[in-house]
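Okay, so here's the structure we're looking at.
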Amino acid sequence: MRIPCPYCGSRDAHEFAYLGDATLTRPDPAAPDAAEAFHAYTYLRENPEGAHREYWYHANGCRRWLVVTRNTKTHEILGVEFARPSTDEVPA
Amino acid sequence: MSDLLAHVPHTRLVPEGHYGPAGTPGVSARQVLGLAAATLAAPRGKTAALIASFADAGLPLVDAPKAMSNGVLTAVGTGPGRWLITAEGMTGAALLAHLRAIAGPDAALTDQSDANIILEVSGAAARATLAKGIAVDLDPLAFAHGDAATTVVSHIGVTFWQSEEAPAYRFVVARSFAPAFLRWLTVSAAEFGFALTGTGRG
């Protein structure tokens with residue numbers, strides 16, 4: 001599987017470290033159901049079929065976190081973006 | 001592999017010499033000595049301003065995996081807002097002072113002169129050799145003079161760029177990994193005849 005890094009271009013998946021689900025949001029620790037919410041946030045994962053947004057870290061390249069949208073059945077890459085959008089606007 | 005380098009300790013650079021079939025080498029490599037090196041990183045949100053400062057100073061930085069040179073300094077893009085800069089005929093301290101004067105107080109600058117070794121690989125069979133370990137397309141249509149990449153070769157992290165049309169490539173390898181990288185390069189290039197210089201006699 002190759003991942004089209006927005007900075008480096010097409011690279012083999014072995015250059016990347018996989019973190020997992022990029023759709024989760026850290027719960028509010030002050031909420032009354034915080035213990036339940038953190039249990040779900042930390043341990044519970046869906047196993048979706050088809051398109052899935054997930055974090056990949058380009059450890060052996062540009063060292064940026066990416067959000068990759070990948071089809072879990074075919075490994076087709078449907079989209080790649082930096083996890084933290086750059087605030088830099090660089091003229092072309 | 002083991003036969004060719006059986007006499008070379010794994011902890012030492014592969015000694016200079018000719019490896020593989022005699023005759024005109026298909027691949028040559030030399031250690032480039034006497035370069036200063038530094039990493040430059042823009043503060044968050046200030047990449048455009050940093051690029052403008054360097055353009056004013058005569059080094060056009062590009063925020064992409066490209067190598068840019070003004071004759072004295074060579075800057076290689078290693079990540080968004082980050083570059084590795086090498087300089088000829090300068091100490092690391094002098095390079096850092098020079099870059100600090102251009103970049104201003106907020107940019108992250110680190111002397112890397114002792115961190116890496118730099119190898120230049122060239123020759124008619126250079127591409128065929130590098131294709132054995134680099135999962136980046138080096139065909140001239142995809143990777144030309146001035147293109148750069150940070151990747152892995154034989155599990156060893158490298159930054160490299162095509163430094164000449166001919167082609168020639170410059171590799172930056174962490175110093176402690178350089179013996180392993182040179183072993184990979186030597187065994188990969190030996191079938192074409194491989195001339196290695198600048199690494200001492202072992």
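Values below: every heavy atom of this structure, side chains too, minus hydrogens, waters and symmetry copies. First the proteins, then the strands, lettered A, B, ... as listed; each starts at 1.
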Please list every donor-acceptor pair under 3.5 Å in which a side-chain atom of residues 79-98 of chain B meets a protein atom from a residue at least two apart or in another chain.
unit_1: Arg82(B); atom_1: NH2; unit_2: Cys62(A); atom_2: O; d: 2.5
unit_1: Trp83(B); atom_1: NE1; unit_2: Val62(B); atom_2: O; d: 2.9
unit_1: Thr91(B); atom_1: OG1; unit_2: Ala94(B); atom_2: N; d: 3.1

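For chain A, the nearby parts of Thr151(B) are the backbone and the side chain; heavy atoms of each come within less than 4.5 Å. Heavy-atom distances place the side chain of His14(A), and not its backbone, under 4.5 Å from chain B.
In this pair, Tyr43(A) and His39(A) present their aromatic rings tilted. The plane angle is within the 30 to 60° band.
With contacts defined as side-chain heavy-atom distances shorter than 4.5 Å, the pair Arg11(A)/Phe16(A) qualifies.
Sequence neighbours left out, the pairs with a member in residues 134-159 of chain B that pass ring pair (Phe, Tyr, Trp, His ring centres under 6.0 Å) are Phe143(B)-Phe160(B).
Between chain A and the residues Ala149(B), Ala64(B), Ala49(B), the largest count of heavy-atom pairs under 4.5 Å involves Ala64(B).
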